[in-house]
K.L.:
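Quick one: the structure is below, and I'll ask about it shortly.
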Amino acid sequence: MRVVKQAESSATQGAVEPDFFARRVDAFYDERLDPSWNGEALCRMGNITPEGVKLISNDYLGLANHPDIVAAQVEELQRNGRGVMMSDVFRNHGDLLREFEQAVARHAGAPDAVLCQSGWNANVGLIQSVASPIVPVYLDMLAHMSLWEGAQAAGARVHPFKHNDAASLERLVARHGPGVIAVDAVYSTIGSVCPLPEVARIATANGCLLVVDESHALGVFGDQGEGLTESLGLSGQVHFRTASLSKAFSARGGLVLGASRNLNYFRYESRPAIFSSAVLPHEAAGFLATLAVVRREGNRRSKLMRNADFLRNGLEALGYDVADSASQIVSLVPGPEHYTKALRDALEANGVFGSVFCAPATARNKSLVRFSVSAVHSEAELARVVAVCADIRE
């Protein structure tokens, strides 16, 4: 048996690799970078042409270059620089970051909020700090990977339930007892919306802690973008809400919303919160400006939903199965990865660019091409997408 694997060239490959690691890297290249894919990952897209229709961004409201947001960040940078690099546990909570936390909590109808470095950190840190080896975690089968990772960090036993199937969840809770139920408000792969009233009923009836990831709903759902939970009047039944701010808020950051006492516990128990540098002041200034735009410019949400309906209805009329989508995410699900590659290539050859989701984001036989609709897409662009999908249907 080999003990070590000699690198091809010390100048290009560095240190000699142990055999266990070399085997793992070899398996990745053999299994995940199929030679027929030119040695590239399936999720990697081709060169986007200027005239191509891009359905790849999570910037649902088209805020990435909003002048008010850019100006707020520039002003803060010019006034105070980039701030102090330090863990959030050392932060003075009377600062700009705290101002945003209080503002977004009011916006979402929550008692309080904690600003995190990312949605991933928010979810991993939260589940890690509320679950344990003796507290089971109930996850929708399509729940975001960060929730699964948090359960693993907690050493908790995970009980997956069928996607959006409240009866499946209820049976598991009856069998295994009170624990943490974690769901997405909007599921990022196929755009389905959680049956939250039923999930909340089960959590309350069985003494479970309920966590809702609002990443793809905050800013989009509700009259002022307050998210799914608040728009359904369920804030009083959900213990924690989380969100990535890289979606409708079009920036890097994350949130945990909940009761102040519980969030203070979270700040000092969540390992990602403790061992990562806090969000910087100019980023918080951008978040505050973004929140104002989200609340003020409701026409962006209206346009987004009209666009999503237009694309969904057009694809459905062609016979594509997009019935699970009830949001700005509309996906085509060929299933096996070689079919998804064929679909991706056909779309890109006709100037339509979506995002490929494959393992580990999906099961191997459930890979898909996701279309992320934005408020800035024109009806002509979306009509072109439908026309291309008609042309390549067979």
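Throughout, residue positions are numbered sequentially from 1 according to the sequence presented.
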K.L.:
Do the side chains of V388 and V356 join up, straight or via other hydrophobic residues, at under 4.5 Å, putting them in one cluster?
P.N.:
yes
K.L.:
Please list, chain by chain and in numerical order, all residues satisfying salt bridge (Lys or Arg N to Asp or Glu O under 4.0 Å) with D345, sequence neighbours excluded.
P.N.:
K341
K.L.:
Taking only residues two or more places apart in sequence or in another chain, which ones pass side chain to side chain contact (heavy atoms under 4.5 Å, CB included) with A346?
P.N.:
I392
K.L.:
Can V369 and F357 be said to form a side-chain contact (heavy atoms from CB on, under 4.5 Å), step by step?
P.N.:
CA-CA 6 Å; V369 175; F357 277 51; over 6 Å; no
K.L.:
Run through the side-chain heavy atoms of Ile, Leu, Val, Met, Phe, Trp and Tyr, join any pair under 4.5 Å, and report what else lands in Y339's cluster.
P.N.:
none
K.L.:
Once side chain to side chain contact (heavy atoms under 4.5 Å, CB included) is applied, do any residues pair with A64, and if so which ones, sequence neighbours excluded?
P.N.:
D59, S250
K.L.:
Do E214 and T242 have a side chain donor and acceptor closer than 3.5 Å?
P.N.:
no
K.L.:
Mind checking whether H66 and L63 have side chains closer than 4.5 Å, heavy atoms only?
P.N.:
yes
K.L.:
Answer whether the closest heavy-atom distance between the side chains of L315 and L332 falls below 4.5 Å.
P.N.:
yes
K.L.:
Please determine if E101 and R267 form a salt bridge, counting it only when a charged side-chain N lies under 4.0 Å from a carboxylate O.
P.N.:
yes
K.L.:
Sequence neighbours excluded and cut-off under 3.5 Å, please list the side-chain donor-acceptor pairs for residues 215-223, or say none.
P.N.:
residue : atom : partner : partner atom : Å
S215    : OG   : D213    : OD1          : 2.6
S215    : OG   : S244    : N            : 2.9
H216    : ND1  : Y60     : OH           : 2.6

K.L.:
Whether E381 and R384 form a salt bridge (side-chain N of Lys/Arg under 4.0 Å from carboxylate O of Asp/Glu) is what I want to check.
P.N.:
no
K.L.:
Each residue besides V74 in its hydrophobic cluster should be listed here, by chain and number; the cluster joins Ile, Leu, Val, Met, Phe, Trp and Tyr at side-chain heavy-atom distances under 4.5 Å.
P.N.:
V70
K.L.:
Rest of the hydrophobic cluster containing L209 (Ile/Leu/Val/Met/Phe/Trp/Tyr, side-chain heavy atoms under 4.5 Å)?
P.N.:
V114, W120, V124, L126, I127, V130, I134, V135, V137, L139, M145, L147, W148, V158, V180, V211, F240, V256, L263, F266
K.L.:
Tell me whether Q152 at atom CD has more than 12 heavy atoms from other residues, nucleotides or ligands lying less than 6.0 Å away.
P.N.:
no
K.L.:
Please list, chain by chain and in numerical order, all residues satisfying ring pair (Phe, Tyr, Trp, His ring centres under 6.0 Å) with H163, sequence neighbours excluded.
P.N.:
Y187
K.L.:
Go through the structure and list residues passing salt bridge (Lys or Arg N to Asp or Glu O under 4.0 Å) with E149, not counting sequence neighbours.
P.N.:
none
K.L.:
Under the rule for salt bridge (Lys or Arg N to Asp or Glu O under 4.0 Å), what residues qualify as partners of R296, not counting sequence neighbours?
P.N.:
D68
K.L.:
Name all pairs fulfilling the salt bridge (Lys or Arg N to Asp or Glu O under 4.0 Å) condition that reach into residues 309-321, sequence neighbours left out, sorted by first residue then second.
P.N.:
D309-R312
K.L.:
Tell me, please, which residues at least two apart from E76 pass salt bridge (Lys or Arg N to Asp or Glu O under 4.0 Å).
P.N.:
R79
K.L.:
Measuring only between side-chain heavy atoms, which start at C-beta, is F287 closer than 4.5 Å to I69?
P.N.:
no
K.L.:
With a 3.5 Å cut-off and no angle check, do the side chains of R82 and H282 form a donor-acceptor pair?
P.N.:
no
K.L.:
Does H377 use its side chain to pair, donor to acceptor, with the backbone of K54 at less than 3.5 Å?
P.N.:
yes
K.L.:
Other residues, nucleotides and ligands only: do more than 12 of their heavy atoms fall within 6.0 Å of CG on D391?
P.N.:
yes
